[in-house]
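Structure, as C-alpha cells:
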Amino acid sequence: MSDTMRLGFYGGAQNVTGSRYLLEARGKRLLVDCGLYQERGLKDRNWDAFNPPANTIDAVLLTHGHLDHCGLLPRLVKDGFKGRVHCTGPTADIAGIVIQDSAKLQEEDAAFKIKRQARQGRTGPYPVVPLYTIEDAEACLPLFSPAAYETVVSLGDGLEITFHEAGHILGSSSIKVRARIAGGESRTVVFSGDLGRPNTPILRDPTLLEEADYLLVESTYGNRLHGESEKVPA
C-alpha cells in the first residue's frame with residue numbers, strides 16, 4: 001500500500017460555495033465536504049459527473065451542515081456512493097434537514113419550469129428534471145455516522161479522523177486526518193472548515209489546534225479585519 005498522500009480541490013477554490021476536497025491516503029479516497037454550488041454563474045457545475053466516480057469514494061467527512069458544504073450529498077449517493085458520512089451528531093441532524101429541504105426546492109423549481117415552458121409554448125435544450133429528489137435526499141440519512149468532538153474515529157488501514165469545535169454553527173468542526181506512513185511515522189492534515197469567532201454568544205470558541213503537517217484554512221474573510229464584537233451583558 002502506498003504511503004503517498006494526494007490532495008485535490010473540486011470546489012470552494014477561487015470561489016465561495018461548492019466546498020469539496022479529495023484526500024487520497026492509505027489506499028482510500030476521502031471526500032471532505034460535498035457542497036452545492038450556489039453562485040448563479042457556477043450552478044451548472046452541480047450537474048457535472050463526479051471525478052473520481054462516486055462509487056470509488058470510500059467515505060465523506062463533513063465539516064458542518066450548511067448547503068454549500070453538504071448540499072450535493074444526494075447526488076453523490078444517487079451516483080453510487082455507498083460509504084459512511086462521518087460528522088458530529090448535530091451536523092448529521094442539520095444536514096439531514098438541509099438536504100431534504102433542498103430536494104423539495106429542486107422538485108418545485110423543476111415543476112415550475114415545466115409549467116412555464118408549457119405556458120410559453122416552448123422547450124429548453126435539456127429535459128427539465130430536479131438535480132435530485134426528496135427520495136434521493138432520504139437515501140443519504142442512513143449513511144450518516146455521528147461522532148463526538150475530540151474522539152478518534154478509525155477508518156481502518158492506518159487512517160484516523162478527529163472532529164474539533166470550529167465555532168461556526170452548531171456542530172461545526174475542523175477535521176484532523178492522521179495517516180500512518182513508513183517507519184511507524186504519521187502525517188496529519190487539518191481541514192479547518194468554516195471558522196467562527198471567539199466570544200460569540202451561544203457558540204463555543206473554535207478549538208486551537210497546535211499540530212499539523214498540512215493545514216487547509218477557509219479564507220472567506222482572509223483579507224478583512226473584524227471590528228470588536230458587541231459585548232453581551234452577563
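Numbers here simply count residues along the sequence, with the first being 1. Everything numeric here is computed off the predicted structure, so don't read it as measured data. No hydrogens, no waters, no symmetry mates; every other heavy atom, side chains included, goes into these values.
- Using a distance-only test at 3.5 Å, with no hydrogens or angles considered, a donor-acceptor pair links the side chain of Glu107 to the main chain of Ile134.
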Stepwise salt bridge (charged side-chain N to carboxylate O under 4.0 Å, His left out) test for Glu211 and Arg178: CA-CA 11 Å; Glu211 176 193 5; Arg178 187 184 301 274; 3.7 Å; yes
Stepwise side-chain contact (heavy atoms from CB on, under 4.5 Å) check, Val153 with Thr162: CA-CA 6 Å; Val153 178; Thr162 315; over 6 Å; no
side-chain contact (heavy atoms from CB on, under 4.5 Å) between Leu62 and Ile175, intermediate numbers included: CA-CA 8 Å; Leu62 204 57; Ile175 302 176; 5.9 Å; no
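- Annotation: the span from Leu31 atom CG to Leu22 atom CG amounts to 6.0 Å, rounded to 0.5 Å.
- Put simply, CG on Asn199 and CZ on Arg204 are 15.0 Å apart, with the number rounded to the nearest 0.5 Å.
- Within 6.0 Å of the CD atom in Glu39, the count of heavy atoms belonging to other residues, nucleotides or ligands exceeds 12.
- Put simply, Tyr37 and Val129 are part of two different groups of oily side chains (I, L, V, M, F, W, Y) that touch within less than 4.5 Å, one to the next.
- Under the 4.0 Å criterion applied to side-chain N and carboxylate O atoms, Glu150 and Lys176 are not assigned as salt-bridge partners.
- Residues Val77 and Pro74 form no side-chain contact, since every pair of their non-hydrogen atoms from C-beta on lies 4.5 Å or further apart.
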Worked verdict on Val217 versus Leu195 for side-chain contact (heavy atoms from CB on, under 4.5 Å): CA-CA 9 Å; Val217 182; Leu195 293 170; 4.3 Å; yes
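- Side-chain contact between Leu141 and Gln100 is present, with heavy atoms from C-beta onward closer than 4.5 Å.
- Proximity of Thr151 to Phe163: side-chain heavy atoms (C-beta onward) are nowhere separated by under 4.5 Å.
- Ser174 is listed as a side-chain neighbour of Leu209, based on a closest heavy-atom distance under 4.5 Å.
- Taking CG of Leu23 as the start and CD1 of Ile161 as the end, the distance is 11.0 Å to the nearest 0.5 Å.
- One hydrophobic cluster, built from ILVMFWY side chains closer than 4.5 Å, holds both Leu155 and Tyr149.
- Taking 4.5 Å as the limit, some side-chain heavy atom of Ser172 sits within range of a side-chain heavy atom of Glu165.
- Side-chain atoms of Gln38 never come within 3.5 Å of backbone atoms of Gly18 as a donor-acceptor pair (strictly under, hydrogens ignored).
- Transitive grouping of hydrophobic side chains (ILVMFWY, heavy atoms separated by less than 4.5 Å) brings Leu61 and Met5 into a common cluster.
- Side-chain atoms of Asp58 come within 3.5 Å of backbone N or O of Arg29 as a donor-acceptor pair.
- Both Leu36 and Trp47 belong to a single network of hydrophobic side chains, linked directly or stepwise wherever heavy atoms of I, L, V, M, F, W or Y lie under 4.5 Å apart.
- With Arg26 contributing its side chain and Asp157 its backbone, the two residues share a donor-acceptor pair below 3.5 Å.
- Rounded to the nearest 0.5 Å, atoms OG1 (Thr91) and NE2 (His86) are 14.0 Å apart.
- Evaluation of the ring-ring contact (aromatic ring centres under 6.0 Å, His included) rule for Tyr21 yields Phe9, Phe191 as partners, not counting sequence neighbours.
- A donor-acceptor distance shorter than 3.5 angstrom exists from the side chain of Ser173 to the backbone of Thr63, with no hydrogens or angles considered.
- Counted within 6.0 Å of CZ on Arg122, heavy atoms from surrounding residues, nucleotides or ligands total more than 12; the atom is thus considered enclosed.
- Put simply, the side chain of Phe81 reaches to within 4.5 Å of the side chain of Leu143, judged on heavy atoms.
- Not one N or O on the side chain of Glu185 forms a donor-acceptor pair closer than 3.5 Å with the backbone of Ile181.
- Between Gly89 and Pro146, the shortest heavy-atom contact is CA-CB, 3.7 Å.
- Judged purely by atom type and a 3.5 angstrom limit, Ser102 has no side-chain atom pairing as donor or acceptor with the backbone of Ile99.
- Judged by distance alone, the side chain of Thr88 and the main-chain N or O of Ala147 form no donor-acceptor pair under 3.5 Å.
- Counting heavy atoms from C-beta outward, Arg20 and Asp33 have side chains that stay 4.5 Å or more apart.
- For the residue pair His66 and Asp194, no side-chain donor N or O sits within less than 3.5 Å of a side-chain acceptor on the partner.
- In this structure, CG on Leu170 lies 8.5 Å from CG on Asp93, to the nearest 0.5 angstrom.
- The minimum heavy-atom distance linking Gly65 with Cys70 is given by the pair O-SG, 3.6 Å.
- Under the 3.5 Å distance criterion, with hydrogens and angles disregarded, no donor-acceptor pair is assigned to the side chains of Tyr10 and Ser19.
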Trace of the salt bridge (charged side-chain N to carboxylate O under 4.0 Å, His left out) decision for Glu108 with Lys104: CA-CA 6 Å; Glu108 290 176 351; Lys104 183 173 184 291; 2.5 Å; yes
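- In terms of modelled atom types and a separation under 3.5 Å, the side chain of Asn15 and the main chain of Thr17 share a donor-acceptor contact.
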Verdict with reasoning, Leu216 to Leu7, per side-chain contact (heavy atoms from CB on, under 4.5 Å): CA-CA 10 Å; Leu216 288 86; Leu7 183 65; 3.4 Å; yes
Candidate pair Asp136 and Arg75, rule salt bridge (charged side-chain N to carboxylate O under 4.0 Å, His left out), full reasoning: CA-CA 7 Å; Asp136 295 329; Arg75 264 217 63 212; over 6 Å; no
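- Across all their heavy atoms, Cys34 and Phe50 have their closest contact at SG-CE2, 4.2 Å.
- Note on Leu159: it does not cluster hydrophobically with Ile57, by side-chain heavy-atom contacts below 4.5 Å among ILVMFWY residues.
- Note that CZ of Arg45 is 12.5 Å distant from CG of Leu72, once rounded to the nearest 0.5 Å.
- A donor-acceptor pair is defined here as one N or O able to donate and one able to accept, closer than 3.5 Å; no such pair exists between the side chain of Asp79 and the backbone of Leu76.
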